[in-house]
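Input: a single structure, listed below in C-alpha cells.
Any value given below was found using the heavy atoms of this structure, including those in side chains, with hydrogens, waters and symmetry copies removed. To find a chain, count down the sequence lines: A is the first, B the second, and so on, and within it residues start at 1. Since we're looking at a predicted model, the values are computed, not measured.
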Amino acid sequence: AQSVTQLDSQVPVFEEAPVELRCNYSSSVSVYLFWYVQYPNQGLQLLLKYLSGSTLVKGINGFEAEFNKSQTSFHLRKPSVHISDTAEYFCAVRSQGAQKLVFGQGTRLTINP
Amino acid sequence: GAGVSQSPSNKVTEKGKDVELRCDPISGHTALYWYRQSLGQGLEFLIYFQGNSAPDKSGLPSDRFSAERTGGSVSTLTIQRTQQEDSAVYLCASTVTGGFTGELFFGEGSRLTVL
C-alpha cells in the first residue's frame, strides 16, 4: 500500500526567505506525485505534479519540486516566499494502476513579515 | 456548474442524529471521491466512485458511513447515529478518467460539527 509522510506539521518563515516543505512516500510500484495547496477558507487546488520525465517540476506561484526516487522524496521548494503563500500544503501519491490518491497530513506554512 | 459543489457548507447536529452531505461534481467527470479532513489528520480517503463500477469503500471508518452516487452524477454521503469524533470537514472531489493524471478538483467542503 502507498503512504505519504510530511515531516513538518508547521513551517514558519520570514517573507522573502527560501522554504522547503518535505515529503516522503512509500510504494512498491511506480508512482505519480502531487502537491496541493489549501489557502485559508478555500478548497484544495493543484500546485504541481510529477508523472514522468524530468524529475524537477515547476508549478504555479513560483513553486517547484524534485522527485528523488532513491530517497523516495518529493520535496517542495520556493526560493523567496510572500505573505500570500500562507496556506496548508499537502503532498499526495498515486501508485500506478491505482485510482486512489493518498494524502499526507499537511504542512502549515506561515509567513512572517 | 463550473466547479464541484457541496452542500451544506456547515452542519451542526446532535450526537446520535443522521446527516446527509451532498456533492455535485463537475459535469462530465466520471470519478468522484470523498475525503475527510480532521484537524491535524490530513485528508483521509473515504470512498471512490468510477462510472458504473462497484465503489471502493475501503476508507469508510465504520458501518455508520455510507455513500451513493445516483445516475453517475450527484453523490450523497450519509452518516448515521453521528458521534463527536465524526466532526470534520468532508471534502468531495471529481476528475476525468481515461488519461487520468491524478488531478482532483475539490469542492469547498461540508463542515460537520457534532455536539
Side-chain angles (χ1 to χ4, degrees), chain A residues 1-10 21-25 27 29-53 57 59-60 65 67 74 87-109, chain B residues 1-7 9-10 23-26 29-60 69 88-111:
Chain A
Q2 66 241 34
S3 66
V4 178
T5 302
Q6 291 184 243
L7 296 163
D8 307 294
S9 59
Q10 295 188 66
L21 306 183
R22 297 179 292 169
C23 172
N24 286 89
Y25 70 91
S27 175
V29 298
S30 297
V31 295
Y32 306 120
L33 294 157
F34 308 83
W35 277 96
Y36 281 78
V37 59
Q38 186 177 34
Y39 296 107
N41 301 313
Q42 294 186 29
L44 276 80
Q45 59 182 283
L46 183 69
L47 195 58
L48 52 76
K49 61 187 176 186
Y50 170 78
L51 303 179
S52 64
V57 293
I60 60 172
F67 169 54
F74 191 56
E88 187 142 21
Y89 292 80
F90 293 92
C91 183
V93 62
R94 174 187 163 235
S95 293
Q96 202 168 54
Q99 294 300 321
K100 189 165 62 179
L101 199 58
V102 176
F103 286 83
Q105 294 185 329
T107 298
R108 185 168 298 277
L109 177 63
Chain B
V4 177
S5 177
Q6 291 188 247
S7 61
S9 55
N10 278 285
C23 173
D24 199 345
I26 293 172
H29 281 189
T30 53
L32 186 148
Y33 299 75
W34 283 97
Y35 285 86
R36 178 167 68 176
Q37 184 177 19
S38 306
L39 194 63
Q41 299 297 315
L43 271 72
E44 176 189 6
F45 168 80
L46 298 177
I47 189 169
Y48 160 72
F49 294 92
Q50 167 51 43
N52 296 321
S53 302
D56 177 352
K57 304 180 182 179
S58 60
L60 294 178
R69 188 177 184 193
V89 177
Y90 290 83
L91 295 170
C92 177
S94 69
T95 190
V96 295
T97 52
F100 174 65
T101 61
E103 179 175 2
L104 301 185
F105 296 84
F106 283 85
E108 294 195 356
S110 292
R111 181 176 297 277

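- Only the side chain of B:Gln37 has a heavy atom closer than 4.5 Å to any heavy atom of chain A.
- In this structure, B:Phe106 CZ and A:Phe90 CZ are separated by 9.0 Å, a value rounded to the nearest 0.5 Å.
- Listed by chain and number, the residues in a side-chain contact (heavy atoms from CB on, under 4.5 Å) with A:Gln10 are A:Arg108 (sequence neighbours excluded).
- For A:Gln38, the part lying under 4.5 angstrom from a heavy atom of chain B is the side chain only.
- The two atoms that bring A:Phe34 and B:Glu103 nearest to each other are CE2-N, 4.1 Å, heavy atoms only.
- In this structure a side-chain-to-backbone donor-acceptor pair under 3.5 Å is missing from B:Tyr33 to A:Leu101.
- When heavy atoms are compared at a cutoff of 4.5 Å, B:Ser58 approaches chain A solely by way of its side chain, counted from C-beta outward.
- If you measure heavy-atom distances from B:Phe105 to chain A, you find no contacts under 4.5 Å at all.
- Every residue was checked against the ring-ring contact (aromatic ring centres under 6.0 Å, His included) condition with B:Phe49, not counting sequence neighbours, and none meets it.
- What you find for A:Tyr36 and B:Leu104 is that their closest heavy atoms are OH-N, 2.7 Å.
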